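Remember, it's a predicted structure, so these values are computed and weren't measured experimentally. Whatever order the structure lists them in is the order used to number ligands and atoms, beginning at 1.
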Amino acid sequence: MIASCINLLFAWGAWGHKHINRTAVFALPDAMQKFYYNHIDFITESAVVPDLRRGILNDKTEGAKHFIDIEDFGNIPITSFPTTTREAYTKYDSTFLNKTGYLPWHIQNLMEKLTQAFKKRNKSEILFISAEVGHYVGDAHMPLHTTSNFNGQLTNQKGIHALWESQIPEMFGNSYNFKTEAARYISNISTETWSIIMHTHSLADSLLSADKQARARSDQDQMYKKDASGNTVLSYSQPVFSNEYARQFNNAMNGMVEMQLRLSIQEVANYWYTAWVDAGSPELLSLDDENLTKQNRKNYKIEYKAWNKGKLLNLSVDKE
Ligand SMILES: [Zn+2]
């Protein structure tokens, strides 16, 4: 990935990341859920912190944590990638991994930290690292974060990244079904992480070909948003697609964005739950003042009930 692009490609925009983290709380078991609900706004808002670190704070070490360019490892099948962080750093040096990205290994590192935080029952670490895990597990479900053709730039499909991750969820997200299964225990985090990456990467081709189909069907003139004087609207110096084109592309993908968002929610809940179980399932609710839990009871019930019907309440995200 080239440096100038890193700042504007976020995997899920703020809409996606915030919805993923917030919804995952409702898939947790009872022993975790009320505690997480007490801090649901923190978990929601902090979902975008990793992107702020690399965007606004320009933290140079941050970018490579958000993606893995599978093709840059040569022509090897994903099953032969080093599974653990230790294996990765034995095989490759950090300069190489900073270019290719190391998202799957970063997730594993964070999971160790989250498990430790649960063992120590350190409330602020639990919440902070949970939000981080939610971010990167979400990123692992974005097909363009697993390929060197991350913005369609190698195939004349530039701008596709922001269209997929921000514009489409913002346009259609309110009709998505947010109800998932209850969190389940993952017996091997590195195996699970790699199977997510493998599945996500397998979608990159269909994503790109859906865009090609939609482009072939679209009038070049109507592909991009126009301002009052008829000029193409730019965002981060790239043309913004028209809503009509976003609709065509979304139709051609046959629900892929919603499916990946739902898988993200499910996996974030699974990962949080797994770290908690691995830490010995510590009791959490007494980390909070019981008045806080009491105050939140009513809203919690309302939000939980809505989630059971597939709806997410109390979250509005500004458009990017
Ligand atoms: Zn990211």
Side-chain angles (χ1 to χ4, degrees), residues 1-24 42-70 72 85 97-111 113-114 128-153 159-170 173 193-194 196-197 199-201 203-204 207 235-236 238 257 260-268 271-272 317-320:
M1 257 193 199
I2 50 167
S4 63
C5 282
I6 285 175
N7 290 343
L8 56 105
L9 302 175
F10 293 126
W12 288 102
W15 194 100
H17 277 304
K18 289 183 183 184
H19 278 76
I20 291 166
N21 270 18
R22 190 175 192 93
T23 315
F42 175 84
I43 294 272
T44 305
E45 295 305 314
S46 307
V48 294
V49 165
D51 285 334
L52 299 178
R53 275 201 296 269
R54 69 177 176 163
I56 296 170
L57 301 179
N58 204 12
D59 179 344
K60 294 273 187 285
T61 65
E62 185 58 43
K65 296 172 184 166
H66 299 250
F67 65 91
I68 181 159
D69 290 347
I70 295 295
D72 292 358
T85 309
L97 293 175
N98 277 332
K99 272 188 222 136
T100 57
Y102 56 92
L103 169 65
W105 300 298
H106 182 61
I107 291 173
Q108 295 176 45
N109 295 345
L110 279 175
M111 281 298 282
K113 288 186 182 156
L114 183 56
F128 179 78
I129 304 169
S130 292
E132 297 269 310
V133 166
H135 180 95
Y136 298 102
V137 170
D139 280 2
H141 288 82
M142 164 41 155
L144 298 174
H145 269 234
T146 63
T147 173
S148 42
N149 193 14
F150 57 88
N151 195 20
Q153 80 283 10
I160 196 173
H161 197 114
L163 175 62
W164 195 98
E165 71 174 14
S166 294
Q167 200 173 341
I168 288 182
E170 281 168 12
T193 306
W194 280 100
I196 294 172
I197 296 288
H199 175 251
T200 303
H201 186 65
L203 300 174
L207 187 161
S235 167
Y236 297 101
Q238 294 195 64
V257 179
Q260 289 306 100
L261 189 98
R262 288 175 49 75
L263 284 175
S264 303
I265 293 163
Q266 181 72 59
E267 288 287 8
V268 169
Y271 276 55
W272 290 345
V317 183
D318 290 338
K319 288 203 173 178
E320 288 175 76

Test side chain to side chain contact (heavy atoms under 4.5 Å, CB included) applied to Thr193 and Tyr271, step by step: CA-CA 10 Å; Thr193 306; Tyr271 276 55; 2.9 Å; yes
query: Do any of the N, O or S atoms of His135 sit under 2.8 Å from the Zn ion (ligand 1)?
result: yes
task: Flag His66 as yes if one of its N/O/S atoms falls below 2.8 Å of the Zn ion (ligand 1), otherwise no.
output: yes
task: Keeping the roles fixed (side chain from His145, backbone from His141), state whether a donor-acceptor pair exists under 3.5 Å.
output: no
- prompt: For the residue pair His135 and His66, does the interplanar ring angle fall in the parallel (under 30°), tilted (30 to 60°) or perpendicular (over 60°) class?
  reply: perpendicular
- line: Looking at Asp139, the N/O/S atom that lies nearest to the Zn ion (ligand 1) is called OD2
message: Between Arg53 and Glu132, does any NZ, NE, NH1 or NH2 come within less than 4.0 Å of an OD or OE carboxylate oxygen?
response: yes
